[in-house]
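Notes for the one structure printed next.
The figures here come from the full heavy-atom set of this structure, side chains too, leaving out hydrogens, waters and symmetry mates. Remember, it's 1-based here, ligands and their atoms both numbered in the order they're listed.
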Amino acid sequence: MNFAARTNYICMTVALGGLLFGFDTAVISGAIGLIKAQFSLGTVQEGWLVSSGLAGCIIGVLVTGVLSDRIGRKRTVLLAAGMFLLSAIGCAFAADVDWLIAARIVGGVGVGMASVISPMLIAEFAPADSRGRMIAYYQLAITVGILLAYLSNALFLSLGAGGFSNEIWRPMFLVMAAPSLLFLLLLFKVPESPRWLISIREHVKARAVLGTIRPERVADKELADMEEAARKASAKKISLLEGPLRLPLLIGIVLAVFQQFSGINAIIYYGPSIFEAAGIGGSNALIFQVIVGAINVLFTIVALLWSDKYGRKFLLITGLSGIIFSLVFCGVLFYTGKTHGLLLLVLMLMFIACFAFSLGPVTWIIINEIFPTAIRVKAVSICTLALWIAVWMVGQFFPWMLEKAGAAVTFWIFAGCSIVNFFFSWRVVKETKGKTLEEMETVFIAPH
Ligand code: BGC
């Protein structure tokens with residue numbers, strides 16, 4: 001295998017964390033109705049079951065922030081893979097609701113851990129000129145995971161409808177054991193991050209890893225740059241609250257929160273009920289979910305092809321323009337009551353497509369490339385934590401907004417948030433295309 005192919009292989013393997021993230025967060029939407037019926041859940045227990053994954057995520061993000069500098073990136077990602085496997089088996093064989101909730105928390109911890117460590121590890125392995133594409137593998141994997149969960153849920157539901165079993169929700173979860181196991185096995189072949197090895201002064205090991213993924217001369221140059229950055233970092237202890245790091249932290253948090261305030265998960269998860277409210281639902285709801293999932297996968301490929309060619313900002317600005325347009329007009333359709341035509345479907349798909357090549361991948365790309373190695377994991381954890389809190393907020397408030405303010409106003413609120421993100425991305429976000437992570441340190445933290 002040549003150097004580029006080996007780096008590609010490593011990054012694709014690590015990106016599988018995204019696939020499990022996507023699968024785990026989407027599988028519950030198909031299973032919840034069946035579980036509710038089997039255990040006669042009350043609303044409080046149902047709420048717990050749905051939000052337990054999210055609670056686990058928050059724990060997972062915090063754990064990773066502390067753990068991955070201590071035990072290394074590779075052991076942390078292995079641990080995340082172990083959590084997914086444990087959760088899949090735990091959910092499938094849960095004897096009661098409490099057990100199920102505990103297993104969902106474990107899966108959530110896996111999602112939280114993977115959401116920090118997978119894109120960050122990819123950023124640390126990828127060469128500067130293809131880092132955008134390689135971090136976008138992770139987003140692509142999330143979208144494939146979501147689609148797989150929809151398809152497998154649909155398959156099991158049809159088996160269940162055929163009188164197969166009333167506990168068909170169990171295999172829905174168990175399916176996740178297969179990719180988790182594959183992820184775990186493939187990870188053993190992934191080396192430790194050379195940047196982390198340098199941070200613990202294992203220079204020889206770092207050079208050995210670089211020697212397997214870069215040609216001789218490039219490996220020497222990258223090693224020297226990493227050593228220089230590590231030297232500077234230890235000479236002048238950098239803290240997140242220091243002046244020069246405030247800008248990347250602001251960029252990371254704003255992009256993370258406003259990715260969610262675009263309403264993406266409201267459309268992905270409540271899309272079918274929005275359609276039912278508009279009178280187009282029924283049996284088409286499932287087909288709608290699958291179409292949304294497929295468009296989400298397909299348009300992420302645009303980011304793979306373009307993020308290193310035209311840059312992150314170009315994708316953000318064009319994608320956000322389409323997002324704002326589609327949200328504003330969805331609002332207009334609801335406001336004027338013209339929701340029965342094909343136009344609503346087209347606008348929602350346009351929203352998904354634009355998110356898929358911009359806010360989806362580019363948020364993860366930028367968060368993982370703008371911080372110096374010495375504090376990267378802590379900073380990325382803070383931004384990712386902000387993202388999960390925003391996921392929670394939208395989940396809590398979206399149904400309430402829909403009921404109190406109506407669909408039109410809800411869409412316009414999401415549009416308003418995306419307009420803020422548009423101006424922020426245009427004026428404040430800095431282009432990161434083509435720079436090494438060490439060069440990035442000079443963009444943000446020198447020459448103060
Ligand atoms: C977001 C998720 C979202 C997914 C949809 C990710 O970038 O962080 O919240 O569900 O994209 O594809």
Side-chain angles (χ1 to χ4, degrees), residues 15 17-29 50-51 53-54 56-58 60-61 108 110-120 122-123 132 135-150 252-271 289-304 307 312 315-316 319-320 323 348-368 380-381 383-396 398 414 417-418 421 425:
L19 189 135
L20 294 161
F21 161 169
F23 195 99
D24 187 283
T25 47
V27 69
I28 190 74
S29 65
V50 174
S51 55
L54 221 44
C57 275
I58 307 257
V61 171
V111 174
M113 293 181 80
S115 65
V116 176
I117 200 73
S118 284
M120 194 183 74
I122 296 176
I135 305 181
Y137 290 162
Y138 161 79
Q139 173 69 18
L140 185 67
I142 298 178
T143 61
V144 171
I146 295 175
L147 184 59
L148 282 181
Y150 288 161
I253 293 177
V254 170
L255 286 182
V257 169
F258 281 83
Q259 184 207 51
Q260 294 302 320
F261 287 177
S262 67
I264 179 64
N265 286 324
I267 306 270
I268 286 195
Y269 296 110
Y270 293 91
Q289 259 193 335
V290 172
I291 297 177
V292 163
I295 295 276
N296 200 9
V297 173
L298 275 178
F299 278 83
T300 308
I301 296 173
V302 175
L304 255 70
S307 62
R312 295 31 164 171
L315 290 181
L316 274 180
L320 273 162
I323 285 172
M348 282 206 190
L349 293 181
M350 175 180 174
F351 169 85
I352 296 289
C354 291
F355 177 92
F357 74 78
S358 66
L359 287 191
V362 177
T363 302
W364 294 108
I365 294 174
I366 294 184
I367 288 178
N368 284 282
V380 169
S381 304
C383 300
T384 312
L385 189 65
L387 186 140
W388 286 114
I389 293 173
V391 171
W392 174 81
M393 285 172 71
V394 173
Q396 288 297 308
F398 176 70
F414 288 140
C417 292
S418 297
N421 198 358
S425 298

If I take atom CE from residue Met113 and atom OG from residue Ser118, how far apart are they, to the nearest 0.5 angstrom?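 Answer for the CE-OG pair, Met113 versus Ser118, is 10.0 Å.
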From OG1 (Thr384) to CE (Met120), nearest 0.5 Å: 9.5 Å
In terms of residue, atom name and distance, what is the protein heavy atom nearest to [atom]?
atom	answer
atom 10 (O) of ligand 1	Asn265 OD1, 2.6 Å
atom 7 (O) of ligand 1	Gln139 OE1, 2.7 Å
atom 12 (O) of ligand 1	Asn296 ND2, 2.9 Å

Atom indices of ligand 1 within 4.0 angstrom of [X] heavy atoms, with elements:
X	result
Thr143	12 (O)
Gln260	1 (C), 2 (C), 8 (O), 9 (O)
Ile268	5 (C)

Check for a donor-acceptor pair, side chain of Ser307 on one end and backbone N or O of Leu304 on the other, with a separation under 3.5 Å.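 Not confirmed, Ser307 side chain does not pair with Leu304 backbone.
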Consider every N or O of Gln259 and every N or O of ligand 1, then say whether any pair is closer than 3.5 Å. yes
Results of ring pair (Phe, Tyr, Trp, His ring centres under 6.0 Å) for Tyr150 - residues two or more places apart only: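 By the ring pair (Phe, Tyr, Trp, His ring centres under 6.0 Å) rule, Tyr150 matches no residue at all.
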In chain order, what residues pass the ring pair (Phe, Tyr, Trp, His ring centres under 6.0 Å) check against Tyr269, with sequence neighbours excluded?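 None.
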So, Trp388 and Ser115: side-chain donor and acceptor under 3.5 Å apart, yes or no?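 Looking only at side-chain atoms, Ser115 and Trp388 do form a donor-acceptor pair, the distance falling under 3.5 Å.
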